[in-house]
Protein chains: 2
Amino acid sequence: MTKMTKITSASALPLNTILDGDCIDVMNSLPEASVDLIFADPPYNLQLKGDLHRPDNSRVDAVDDHWDQFASFEVYDKFTKAWLKAARRLLKPNGAIWVIGSYHNIFRVGAALQDEGFWILNDVVWRKANPMPNFRGKRFTNAHETMIWASKGEGGKYTFNYEALKSLNEGIQMRSDWVLPICNGGERLKDANGDKAHPTQKPEGLLHRVLVGSTNPGDVVLDPFFGTGTTGAVAKMLGRDWIGIEREAAYREVATRRIADVRKYDKTALEVTRAKRSEPRVPFGQLVERGMLRPGEELFSLGNRHKAKVRADGTLIGNDVKGSIHQVGAHLEGAPSCNGWTYWHFKRDGKVVPIDVLRQQIRAEMEERPH
Amino acid sequence: MTKMTKITSASALPLNTILDGDCIDVMNSLPEASVDLIFADPPYNLQLKGDLHRPDNSRVDAVDDHWDQFASFEVYDKFTKAWLKAARRLLKPNGAIWVIGSYHNIFRVGAALQDEGFWILNDVVWRKANPMPNFRGKRFTNAHETMIWASKGEGGKYTFNYEALKSLNEGIQMRSDWVLPICNGGERLKDANGDKAHPTQKPEGLLHRVLVGSTNPGDVVLDPFFGTGTTGAVAKMLGRDWIGIEREAAYREVATRRIADVRKYDKTALEVTRAKRSEPRVPFGQLVERGMLRPGEELFSLGNRHKAKVRADGTLIGNDVKGSIHQVGAHLEGAPSCNGWTYWHFKRDGKVVPIDVLRQQIRAEMEERPH
DNA sequence: TTTCAGGATGAATCTTCCA
DNA sequence: ATGGAAGATTCATCCTGAA
């Protein structure tokens with residue numbers, strides 16, 4: 001079961017635990033460069049004035065909690081920089097962060113991220129399928145929130161499961177705008193009175209996409225504003241380790257119960273379509289060594305416009321140019337670069353086949369008998 | 001005809017004119033509290049490094065203009081605060097401002113707006129119908145830009161034509177996310193060589209919605225980064241007065257010709273016929289993200305002959321084949337294609353239900369609350 | 001005249017490995 | 001660290017020219 005532990009000095013990572021305390025202090029007590037991903041849903045600093053009523057005169061249950069009150073932008077900025085600095089210290093060099101917010105705070109958060117050295121990768125818009133209307137008709141329906149995705153710094157080798165996200169989106173590259181419903185119905189946690197347990201509970205679908213896209217199974221995900229634990233619940237389902245920080249005891253209790261009830265998906269369900277880039281490199285020469293292609297055999301370009309001859313050392317010669325499959329292809333096309341694997345084809349039984357088929361054959365064998 | 005005039009001292013408002021010069025100097029030369037709306041499309045400070053090529057090896061014509069180069073965030077912030085301060089001075093007490101940007105600059109702009117005393121009313125997302133893809137598969141498609149709408153200060157009695165916008169949106173309250181195509185085709189202005197006249201020309205549809213929503217006929221609209229004059233062209237069509245500021249002579253010339261050709265709409269031209277929407281595409285992955293199907297859950301074919309397991313990325317695995325619901329169905333049936341939506345079924349409460357039911361559920365929600 | 005195939009292109013912070 | 005080579009990677013829209 002989930003434990004609540006107070007960490008007071010640098011120590012081993014308290015995985016799958018909700019830590020009690022101020023998130024800045026707690027983060028500073030954890031070992032540096034130890035976390036793969038941070039997901040943060042900080043206070044929005046809403047600055048709401050009076051009550052708001054619907055056209056039917058019912059009162060809107062607004063976010064008026066003490067933890068969302070700041071005296072000024074200056075105070076909010078100071079708080080933001082402090083927790084971002086502590087968060088950045090915790091991240092591994094190739095770690096990344098997601099922060100969600102609305103127009104009340106997201107511009108200050110985004111500027112602070114850049115000032116602290118994070119490198120923004122995308123801003124992602126969560127387009128709510130079912131937002132609350134603007135009852136007074138004085139502004140546009142506030143129908144979205146903004147998330148910022150950033151690596152620890154420029155050049156960080158962040159995780160991005162491109163193919164998995166493409167699969168989630170019916171084979172089309174995932175865009176920076178995500179349409180998802182807000183959290184309600186059975187997913188919305190209630191307190192003992194039947195009221196919502198937390199005013200800003202995020203939908204699990206949002207975290208699902210974030211975690212599938214930017215972490216791998218076994219990664220450590222930290223949420224410094226844990227609330228009722230959506231991050232932990234989805235991380236557990238997806239086989240990621242998680243750490244939550246939350247200073248309100250009531251939220252910790254709800255989250256603890258919630259996560260205890262979550263079951264992890266089985267292993268094959270967690271395997272995700274991999275990018276080619278993460279597959280092992282196969283030198284073209286290996287196709288020749290193994291007799292899949294014979295020295296002297298001719299290869300044909302896409303469209304049959306060019307041809308080249310295979311040499312015993314795994315280079316090609318075509319039109320008096322010698323070199324790798326990529327170099328000869330690029331030269332013949334007058335292009336800055338060329339992927340020889342998809343460019344070159346050979347003939348078998350009258351059919352024209354891309355040489356990449358042979359590479360896939362070798363990779364399949366490697367999967368059966370890894371070495 | 002549009003004139004180009006150099007204003008050097010406070011004077012009467014030079015309406016329907018493109019002013020030559022640095023926008024800060026020019027704004028400071030105009031009388032204060034004289035403008036109803038400012039629309040600003042400032043430099044984004046993109047900080048691009050090398051060239052980018054498409055998979056077909058064609059080179060992307062990127063924004064590498066001198067006017068988009070800043071030495072640091074600090075320099076950019078200083079510039080931003082200076083032009084915002086000048087802009088705020090020009091606004092009437094009940095005036096408002098729109099600023100558009102991307103994640104490169106919008107967070108700095110938004111924070112500066114708040115620091116200068118503007119009061120944010122909404123952030124509005126322009127969701128591009130046809131953005132440029134992410135060619136390397138390293139990030140999300142950058143499919144939107146962000147606009148911030150702010151009044152001169154808290155309590156400002158800004159203009160908001162609620163009913164007009166509601167009509168534009170088929171009788172439903174206008175949301176903070178707008179789907180509009182990027183500017184291309186006949187609307188995109190070309191130079192003498194047939195190349196785009198300006199790298200970042202905004203679509204007239206965007207300005208149409210901004211001006212219909214937040215100005216009245218006869219209002220004065222100022223654009224301090226006029227470029228090729230989309231703001232002026234749409235303002236003229238809609239019977240608003242406009243002032244442009246632009247320091248590049250080539251852009252001023254293109255804009256002058258363009259606006260001269262614009263005719264103010266008559267009433268019937270404003271009536272727009274709207275295409276009936278085809279049914280929105282729902283990715284299968286959304287069923288998984290939203291918890292309607294669990295990763296690891298089994299699906300059954302028509303006739304119960306085959307089964308497959310749902311994976312976290314919205315692909316299926318069945319009989320050692322992985323892929324989309326359509327691909328796995330086609331493979332198991334030995335068919336060239338298969339509509340996975342009608343082929344696959346799941347069990348709930350002992351009943352076998354086609355997954356298409358879940359898709360219809362999502363579409364019904366979208367219809368109730370379109371976006 | 002209509003349809004279809006092919007080409008061009010859009011505010012982009014767009015690779016990774018090994019020597 | 002740095003340079004060179006391997007090799008992975010695109011969606012919607014509009015226009016042109018052929019059929």
Side-chain angles (χ1 to χ4, degrees), chain A residues 114 118-123 150-151 153-158 160 162-163 166 169-176 274-285 303 314-315 323-327 329-330 335-344 355-356 359, chain B residues 41-65 67-70 73 100-106 126 128-146 179 181-188 190 194-196 198-203 225 227:
Chain A
Q114 292 177 314
F118 287 99
W119 189 247
I120 298 182
L121 300 166
N122 277 114
D123 60 335
S151 62
E154 189 177 354
K157 304 259 177 291
Y158 56 92
F160 184 57
Y162 176 73
E163 291 294 343
K166 198 169 161 179
N169 196 34
E170 290 235 305
I172 292 165
Q173 190 172 84
M174 187 72 81
R175 301 167 40 116
S176 59
R274 267 191 308 172
K276 283 200 186 122
R277 203 175 275 117
S278 64
E279 295 189 291
R281 178 182 294 203
V282 176
F284 174 73
T315 57
S324 71
I325 52 173
H326 316 291
Q327 288 169 331
S337 72
C338 170
N339 184 344
W341 289 107
T342 51
Y343 180 76
W344 292 110
I355 61 174
D356 201 33
R359 180 171 65 163
Chain B
D41 183 10
Y44 285 13
N45 187 24
L46 287 189
Q47 311 172 56
L48 303 178
K49 300 280 184 327
D51 276 357
L52 176 66
H53 291 87
R54 298 188 177 79
D56 67 3
N57 274 321
S58 63
R59 188 176 154 278
V60 173
D61 183 17
V63 178
D64 54 0
D65 306 74
W67 48 255
D68 199 49
Q69 313 291 328
F70 292 82
F73 282 134
I100 184 166
S102 67
Y103 67 83
H104 309 85
N105 72 323
I106 198 65
W126 168 27
K128 301 180 185 184
N130 48 347
M132 184 158 64
N134 184 291
F135 297 117
R136 301 290 181 208
K138 303 307 293 180
R139 302 184 178 189
F140 298 98
T141 309
N142 211 340
H144 74 277
E145 294 189 25
T146 301
V179 182
I182 58 176
C183 178
N184 57 13
E187 188 186 324
R188 189 84 195 208
K190 309 287 185 191
D195 298 325
K196 57 190 175 192
H198 193 283
T200 71
Q201 186 184 341
K202 295 293 174 288
F225 306 96

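Values below: every heavy atom of this structure, side chains too, minus hydrogens, waters and symmetry copies.
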**Message:** I need a per-nucleotide contact map over nucleotides 6-12 of chain C, read 5' to 3'. Cutoff is protein heavy atoms under 4.0 Å; write B for the base, S for backbone only, - otherwise.
**Reply:** ---BBBB
Between [X] and [Y], which heavy-atom pair has the shortest distance, and what is it?
{"X": "Y103(B)", "Y": "L121(A)", "result": "OH-O, 3.7 Å"}
{"X": "G153(A)", "Y": "W119(A)", "result": "C-CB, 3.5 Å"}
{"X": "P181(B)", "Y": "A129(B)", "result": "CA-CB, 4.0 Å"}
{"X": "P131(B)", "Y": "T141(B)", "result": "CG-CG2, 3.8 Å"}

**Item:** Partners meeting ring pair (Phe, Tyr, Trp, His ring centres under 6.0 Å) with H104(B) (sequence neighbours left out)
**Value:**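 With neighbours one apart ignored, the set is empty.
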**Message:** Tell me every residue that passes ring pair (Phe, Tyr, Trp, His ring centres under 6.0 Å) with Y158(A), counting only those two or more places apart in sequence or in another chain.
**Reply:**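 Checked Y158(A) against ring pair (Phe, Tyr, Trp, His ring centres under 6.0 Å); matches are W149(A).
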Need one value for [X]: base, sugar-phosphate or nothing, where a base atom within 4.0 Å counts as base even if backbone is also close, heavy atoms only.
{"X": "R59(B)", "result": "nothing"}
{"X": "T141(B)", "result": "nothing"}
{"X": "E163(A)", "result": "sugar-phosphate"}
{"X": "Q173(A)", "result": "sugar-phosphate"}

**Message:** Going by the glycosidic torsion and a 90 degree boundary from 0, is the base of dT13(C) oriented syn or anti?
**Reply:**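 Base orientation relative to the sugar is syn.
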**Request:** Begin with the C-alpha distance, continue with both residues' side-chain angles, and end with the deciding distance and a verdict on side chain to side chain contact (heavy atoms under 4.5 Å, CB included) for L52(B) and R136(B).
**Result:** CA-CA 9 Å; L52(B) 176 66; R136(B) 301 290 181 208; 3.9 Å; yes
When rounded to the nearest Å, what value does the distance between [atom1] atoms of [N] and [M] take?
{"N": "dA1(D)", "M": "dT16(C)", "atom1": "C1'", "value": "16 Å"}
{"N": "dT10(D)", "M": "dG10(C)", "atom1": "C1'", "value": "12 Å"}
{"N": "dC15(D)", "M": "dA11(C)", "atom1": "C1'", "value": "23 Å"}
{"N": "dT13(D)", "M": "dT13(C)", "atom1": "C1'", "value": "25 Å"}
{"N": "dG7(D)", "M": "dC14(C)", "atom1": "P", "value": "23 Å"}
{"N": "dA19(D)", "M": "dT1(C)", "atom1": "C1'", "value": "12 Å"}

[X]: partners by salt bridge (charged side-chain N to carboxylate O under 4.0 Å, His left out), with sequence neighbours left out:
{"X": "R274(A)", "answer": "E367(A)"}
{"X": "R139(B)", "answer": "none"}
{"X": "E279(A)", "answer": "R363(A)"}

**Request:** Would you please name every residue forming a side-chain contact (heavy atoms from CB on, under 4.5 Å) with S58(B), sequence neighbours left out?
**Result:**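 Per chain and number, S58(B) pairs via side-chain contact (heavy atoms from CB on, under 4.5 Å) with R54(B), D56(B).
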**Message:** Under the rule for side-chain contact (heavy atoms from CB on, under 4.5 Å), what residues qualify as partners of D65(B), not counting sequence neighbours?
**Reply:**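 With neighbours one apart ignored, the set is V63(B), W67(B), P199(B), Y251(B).
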**Item:** Pairing string, 5' to 3', for DNA chain C - Watson-Crick or wobble contacts under 3.5 Å, brackets [ ] where pairs cross, | to another strand
**Value:** .|||||||||....|||||
**Message:** Quick check: do W126(B) and K202(B) have side-chain heavy atoms less than 4.5 Å from each other?
**Reply:**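 A side-chain contact exists here, since the closest heavy-atom pair is under 4.5 Å.
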**Asked** In terms of the nearest nucleotide of DNA chain D, which residue is placed more toward the 5' end: V282(A) or G186(B)?
**Response**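 Whichever sits nearer the 5' end wins; that is V282(A).
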**Message:** Need to verify one output field. Residue with the more 5' nearest nucleotide on DNA chain D, I325(A) or Y162(A)?
**Reply:**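 Counting from the 5' end, the first nearest nucleotide belongs to I325(A).
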**Test side-chain hydrogen bond (donor to acceptor under 3.5 Å, both in side chains) applied to E154(A) - qualifying residues, sequence neighbours left out** =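 For E154(A) the side-chain hydrogen bond (donor to acceptor under 3.5 Å, both in side chains) partners, ignoring immediate neighbours, are K49(B).
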**Message:** Below 4.0 Å from chain B heavy atoms, what is the first contacting nucleotide of DNA chain D and what is the last?
**Reply:**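 Range of nucleotides touched by chain B: dA8(D) to dC15(D).
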When you compare the protein's N or O atoms with those of nucleotides 16-19 of chain C, which come within less than 3.5 Å of each other, and at what distance?
unit_1	atom_1	unit_2	atom_2	d
dT16(C)	OP1	K138(B)	NZ	2.8

